[in-house]
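A quick write-up on the structure given underneath.
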Amino acid sequence: QSAGMAHGKGRPGAMAAVLAAVAAARASAGGMCTSTTDCSRYHMCIRGACQMVFRNHFDLDYCGQLDAECCSGDWPNITSCVLWYETSTHRICESNSVPPYYVAPYCPYGIGQGYCQPPTDGDSTDCDPFRDMVCPCNATDPSCESTTTGDVMVPAFQYFKFPLNPDPTDSSKPKHMYDDPALKNGNTFQVIGAHLNGVQIKGPAEANGYNVDTSLIPLGCGGHITPPVGTGPLYHYHKAADCQDITSPGSHGPLIGYASDGFAFYGFGDFQGTPVLDECHGHFGPVDEQGTVEYHYHVSAAYNLDGVAHKPYYMGCQGPSKGQCNSTVNEDYDAGANWCGEGCGFELCVQPGTDQEALAAYLSSFSDGVDWFNNFTVNEF
């Protein structure tokens with residue numbers, strides 16, 4: 001018996017190793033965690049669970065069809081590079097994630113603070129993904145690029161693949177805005193599309209799943225750089241890139257990018273004033289002076305407050321919504337946050353003044369498109 005007890009005393013170290021291995025396995029499979037260090041490669045700890053964030057389908061020094069110097073260099077001596085082209089089935093964007101304007105060194109809550117929340121709300125370093133991290137980042141960290149006044153962005157190759165002719169009659173719609181991301185490499189977490197300048201567009205939440213406005217995150221030109229994780233601080237948008245071409249007074253808002261489902265994002269305004277939008281923040285309507293009708297989304301200049309129904313910045317879901325946006329709410333995305341818009345009060349929304357023949361011509365380019373349209377309630381247009 002004493003031998004058995006002695007044998008038992010020799011096992012704590014081995015048992016600790018086993019438990020650690022089990023914990024790591026659970027973490028890598030999306031299990032519980034307390035910080036990102038508990039998770040396997042390409043994952044981050046978000047609200048206590050490991051989630052895949054990075055998809056590295058290319059070598060880190062790969063730059064696609066862009067010039068090699070587009071994917072190297074140090075801030076501020078980096079240049080915006082973007083290439084758009086089409087195949088028979090897809091619209092492709094290759095970029096280096098650098099916008100065509102100066103982005104200053106950045107700390108979301110000030111020098112010496114963390115990346116989690118305003119210091120007025122508590123410890124700014126106390127959150128799972130960025131626990132104990134302080135801005136500017138530590139230069140010894142391989143993911144860090146910084147100055148004494150903040151983190152600075154790094155160039156990183158990004159490859160987006162959008163459906164060329166998206167079908168609004170797709171029976172799988174609506175979908176959550178994070179479904180089927182068009183970005184096929186790098187940090188795909190919460191990515192909903194790409195701006196024409198090649199910068200990724202993310203949803204309305206920061207990494208923990210809380211709205212960027214209510215989290216008091218400063219967003220110059222609608223964007224900021226990520227905390228120094230993975231390949232390093234990358235620039236992206238959450239809100240309207242209002243320092244870029246985004247409005248055409250008296251006309252339709254200009255094309256500014258594409259959502260992951262292939263439908264286009266347009267800027268502020270429409271031919272008949274304010275866009276009449278569904279819960280996904282899209283509608284059917286003309287997009288040019290020739291009256292070409294498409295289903296498309298509109299960006300907004302919304303600012304959100306606690307306790308008030310959410311107003312989308314780019315989209316509320318992948319549409320058309322058909323009055324079913326609430327069905328896209330998913331506990332795996334932003335802890336079940338509801339990012340749906342108010343809608344127009346009908347299942348499908350058409351911009352007032354839209355030519356009925358042009359709308360019918362667009363719908364007829366899809367199998368049974370007109371019959372599909374007639375199955376839903378529609379606002380007067």
Exercise. Are any side-chain N or O atoms of Gln190 and backbone N or O atoms of Glu206, one a donor and one an acceptor, separated by less than 3.5 Å?
Worked result: yes
Problem set entry | Donor-acceptor under 3.5 Å (Asp270 side chain, Gly273 main chain) | no
For this session: Using the test salt bridge (charged side-chain N to carboxylate O under 4.0 Å, His left out), find all partners of Asp180 that sit at least two apart in sequence or belong to another chain.
Result: Lys175
Exercise. Looking only at side chains, do Tyr109 and Asp121 share a donor and an acceptor under 3.5 Å apart?
Worked result: no
Problem set entry | Distance, nearest 0.5 Å, that separates CZ of Phe265 from CD1 of Ile256 | 7.5 Å
For this session: Just say parallel, tilted or perpendicular for the rings of Phe366 and Tyr362, cut-offs at 30° and 60°.
Result: perpendicular
For this session: Look at the SG atom of Cys33 and the SG atom of Cys50, then say if they are under 2.5 Å from each other.
Result: no
Exercise. Can you name the residues that form a salt bridge (charged side-chain N to carboxylate O under 4.0 Å, His left out) with Asp126, not counting sequence neighbours?
Worked result: Arg131
Exercise. Taking the six-membered ring for Trp, are Tyr266 and His298 parallel (under 30°), tilted (30 to 60°) or perpendicular (over 60°)?
Worked result: tilted
Problem set entry | Short side-chain to backbone donor-acceptor contact, His195 and Asn197, under 3.5 Å | yes
Problem set entry | Aromatic ring proximity Trp84/Tyr258, centre distance under 6.0 Å | yes
Exercise. Under 30°, 30 to 60°, or over 60°: which ring-plane class applies to Tyr333 and His176, parallel, tilted or perpendicular?
Worked result: tilted
Exercise. Between Cys317 and Cys325, is the SG-SG gap under 2.5 Å?
Worked result: no
Exercise. Side-chain donor-acceptor pair under 3.5 Å between Glu289 and Ser251, yes or no?
Worked result: yes
Problem set entry | Any residue meeting salt bridge (charged side-chain N to carboxylate O under 4.0 Å, His left out) with Lys173, in chain and number order, not counting sequence neighbours | Asp261
For this session: For the residue pair Val370 and Leu363, establish whether any side-chain heavy-atom pair is separated by less than 4.5 Å.
Result: yes
Problem set entry | Of all pairs that satisfy disulfide bond (SG atoms under 2.5 Å apart), the ones with a partner from residues 186-221, not counting sequence neighbours | Cys221-Cys243
Problem set entry | Whether Asn208 side chain and Tyr210 backbone form a donor-acceptor pair below 3.5 Å | no
Problem set entry | Glu357, CD: over 12 other non-hydrogen atoms inside 6.0 angstrom | no
Problem set entry | Pairs involving residues 363-377, ordered by first then second residue, that meet side-chain hydrogen bond (donor to acceptor under 3.5 Å, both in side chains) (sequence neighbours left out) | Glu347-Thr377
Problem set entry | Euclidean distance, Tyr235 OH relative to Tyr101 OH, rounded to 0.5 Å | 3.0 Å
Exercise. Any chance the SGs on Cys107 and Cys135 are under 2.5 Å from each other?
Worked result: yes
Exercise. If you count the non-hydrogen atoms of other residues, nucleotides and ligands that lie under 6.0 Å from NZ in Lys311, is the total more than 12?
Worked result: yes
Exercise. Is the distance between the ring centroids of His252 and Phe271 under 6.0 Å?
Worked result: yes
For this session: Can you label the angle between the Tyr102 ring and the Trp75 ring as parallel, tilted or perpendicular, going by 30° and 60°?
Result: tilted
Exercise. Are Tyr297 and Tyr295 an aromatic pair by the rule of ring centers under 6.0 Å?
Worked result: yes
Seminar exercise, completed: By salt bridge (charged side-chain N to carboxylate O under 4.0 Å, His left out), Lys202 pairs with (sequence neighbours left out) none
Exercise. Parallel under 30°, tilted from 30 to 60°, perpendicular over 60°: which one fits the rings of Phe284 and Phe373?
Worked result: perpendicular
